[in-house]
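All remarks here apply to the structure that follows.
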Amino acid sequence: MGILSDLDKKLTDNMYEHGSALTDAVADLPRAVVETVERLMPFIQPEARETVRSQVLGLVHEYRVETPPGAAEQD
C-alpha cells in the first residue's frame, strides 16, 4: 500500500501545483487581456461583475487566435 500512497501524494501535489491551468480559463491568457477586462468592470453592475468577468474571459480563451511562429515577421 505504500507505493500507491506515495503515487497518490505525488499526483495530489501535482494537481495542486498545476491544476489551475486545467480549470482556470484565464491561466494561459496574456496579462494585458486580464487587466483590460478588469478595467471594464466598473461599467458593469456590481452584482453581475463576477458572471460577466468569467463569461468574457471564457469567450476570449475559447475564441482566441494563436499566432503561428514567424507570422509577425510577415507583416
Side-chain angles (χ1 to χ4, degrees):
M1 184 100 174
I3 293 173
L4 294 178
S5 175
D6 291 344
L7 180 59
D8 183 49
K9 181 179 179 344
K10 288 179 184 179
L11 290 172
T12 301
D13 291 345
N14 193 23
M15 284 301 294
Y16 279 119
E17 186 175 341
H18 303 287
S20 65
L22 302 173
T23 59
D24 187 7
V26 301
D28 63 340
L29 289 178
R31 184 178 195 98
V33 171
V34 177
E35 289 173 355
T36 301
V37 171
E38 288 301 320
R39 285 195 302 259
L40 294 172
M41 287 302 108
F43 299 103
I44 307 298
Q45 294 178 356
E47 61 274 2
R49 286 182 184 160
E50 193 58 39
T51 302
V52 171
R53 178 184 295 115
S54 65
Q55 288 176 346
V56 169
L57 291 172
L59 287 169
V60 170
H61 178 75
E62 185 175 344
Y63 291 104
R64 72 181 178 168
V65 176
E66 296 291 335
T67 306
E73 299 167 0
Q74 295 175 1
D75 290 339

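Positions are given from 1, in the same order as the sequence printed here.
In this view, Glu62 satisfies the salt bridge (Lys or Arg N to Asp or Glu O under 4.0 Å) rule with no residue, not counting sequence neighbours. In this view, Lys9 and Asp13 satisfy the salt bridge (Lys or Arg N to Asp or Glu O under 4.0 Å) rule, not counting sequence neighbours. Considering only residues two or more places apart in sequence or on other chains, Ile44 meets the side chain to side chain contact (heavy atoms under 4.5 Å, CB included) condition with Met41, Ala48, Arg49, Val52. Partners of Arg39 by side chain to side chain contact (heavy atoms under 4.5 Å, CB included), not counting sequence neighbours, listed by chain and number: Glu35, Thr36. Partners of Gln55 under the side chain to side chain donor-acceptor pair (under 3.5 Å) rule, at least two apart in sequence or in another chain, do not exist in this structure.
If you take CG on Leu57 and CD on Glu38, they are separated by 7.5 Å, rounding to the nearest 0.5 Å.
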